[in-house]
Amino acid sequence: ERWGFDAPALMGFISTGGREGEQDCEGPSSICDVIGGIKEDYDDKSGFLVGMDFLGHVTHQLRVGGGLMYVFDTSLEFDGDSDEIDLGSDLSAQAIVEGLVDVGPKTAIALRGQGGLIMLFPGDELADLLDELEEDCDGLEAQGGSCEVKDGPYVGWTLGAGAGVVHDRGGAALRADLIVQFYGLSTA
């Protein structure tokens with residue numbers, strides 16, 4: 001019988017992903033004409049992640065709780081450019097609902113839904129870019145203009161779903177999952 005709380009530790013890799021990015025601009029039309037409305041497709045090239053789930057059994061086959069997931073190196077590669085841009089790291093805090101379907105005496109299929117907040121902590125090339133933008137703002141303000149650079153952390157939303165196999169080893173369990181995650185994040 002499955003009862004009580006489980007706190008599995010997670011380790012994994014982001015395999016791939018992609019999206020169409022969009023940059024919006026609010027400000028003088030001369031600046032926004034140059035940088036506003038830029039759209040570029042990109043691939044997520046992030047790497048190693050760790051995390052921890054905290055799940056309580058509601059029934060033998062259903063558990064709910066929350067989890068944290070930390071990605072050490074969040075990177076993007078824009079279409080047409082072979083160089084990766086290192087953004088820093090990100091942390092997700094999510095609510096989790098998970099069903100367990102027994103397929104053997106010690107093996108179950110886990111079906112999972114999750115959603116919550118994601119925070120991007122600027123580092124590497126994004127931090128350098130923010131420093132450059134702050135210098136540009138200082139110059140603009142010295143000429144009587146107004147400018148603001150938000151330096152993070154940037155907060156957004158994340159939703160995901162996944163499936164995995166859980167095998168009970170008596171006191172501990174081994175688990176392998178494939179999770180699809182969607183997120184929206186604004187740096188403005």
Side-chain angles (χ1 to χ4, degrees), residues 6-24 35 38-55 63-100 108-134 149-167 169 172-188:
D6 291 325
L10 313 169
M11 288 190 311
F13 292 94
I14 308 273
S15 63
T16 188
R19 173 152 195 189
E20 182 177 284
E22 184 172 333
Q23 182 177 15
D24 294 322
I35 66 169
I38 296 172
K39 292 183 179 184
E40 288 192 57
D41 293 340
Y42 64 86
D43 293 323
D44 189 331
K45 298 292 186 176
S46 301
F48 187 68
L49 66 89
V50 296
M52 180 77 103
D53 289 347
F54 305 94
L55 303 170
R63 52 191 185 176
V64 297
L68 299 171
M69 186 170 58
Y70 182 76
V71 178
F72 288 92
D73 180 27
T74 303
S75 301
L76 302 177
E77 181 181 280
F78 288 91
D79 287 359
D81 187 359
S82 61
D83 294 332
E84 290 182 18
I85 297 172
D86 296 322
L87 301 178
S89 58
D90 69 71
L91 174 68
S92 298
Q94 304 176 81
I96 300 167
V97 175
E98 185 171 82
L100 297 167
I109 301 293
L111 302 172
R112 170 186 189 108
Q114 59 192 37
L117 298 176
I118 186 170
M119 291 182 287
L120 175 65
F121 299 95
D124 301 320
E125 291 164 306
L126 180 57
D128 294 342
L129 176 61
L130 292 171
D131 290 342
E132 289 175 23
L133 290 173
E134 286 177 357
V149 175
K150 296 181 181 175
D151 56 5
Y154 305 110
V155 178
W157 58 267
T158 180
L159 294 172
V165 177
V166 182
H167 182 71
R169 303 283 296 162
L174 296 176
R175 179 176 180 148
D177 284 279
L178 179 60
I179 297 174
V180 177
Q181 181 183 22
F182 300 92
Y183 61 90
L185 192 62
S186 175
T187 57

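Between Leu120 and Thr74 the shortest side-chain heavy-atom distance falls below 4.5 Å. Within the 4.5 Å cutoff, no side-chain heavy atoms of Ser92 are placed close to those of Met119. Under the 4.5 Å side-chain criterion, counting only non-hydrogen atoms from C-beta, Val64 is not in contact with Leu55. Looking at Arg175 and Leu10, their side chains never come closer than 4.5 Å, going by heavy atoms from C-beta outward. Ser89 is listed as a side-chain neighbour of Phe121, based on a closest heavy-atom distance under 4.5 Å. You'll find the side chain of Leu159 stays beyond 4.5 Å of the side chain of Gln181, heavy atoms only. Contact check for Glu125 versus Leu87: no side-chain heavy atoms found under the 4.5 Å cut-off.
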The test is side-chain contact (heavy atoms from CB on, under 4.5 Å); show your working for Leu49 and Met11 and say whether it passes. CA-CA 6 Å; Leu49 66 89; Met11 288 190 311; over 6 Å; no
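Residues Ile118 and Gly184 come closest through the heavy atom pair CG2-O, 4.4 Å. When all heavy atoms of Ala163 and Leu111 are compared, the closest pair comes out as CB-CD2, 3.9 Å. Shown here for Gly12 and Phe48, the closest heavy-atom pair between the two residues is O-CD1, 3.4 Å. Residue Val166 comes nearest to Ala173 through the heavy atom pair CG1-CB, 4.0 Å, listed as atom of the first residue, atom of the second, then distance.
For the atom pair CZ of Phe54 and CG of Leu68, the computed distance is 6.0 Å after rounding to the nearest 0.5 Å. Expressed to the nearest 0.5 Å, how far CG of Asp151 lies from CD of Glu134 amounts to 5.5 Å. A distance of 11.0 Å separates CZ in Phe72 from CG in Leu91, rounded to the nearest 0.5 Å. Summarising the geometry, atom CG belonging to Leu185 is positioned 10.0 Å from atom OG1 belonging to Thr158; distances are rounded to the nearest 0.5 Å.
Under the side-chain contact (heavy atoms from CB on, under 4.5 Å) rule, Asp53 has a single partner from Glu98, Gln94, Arg112, which is Arg112.
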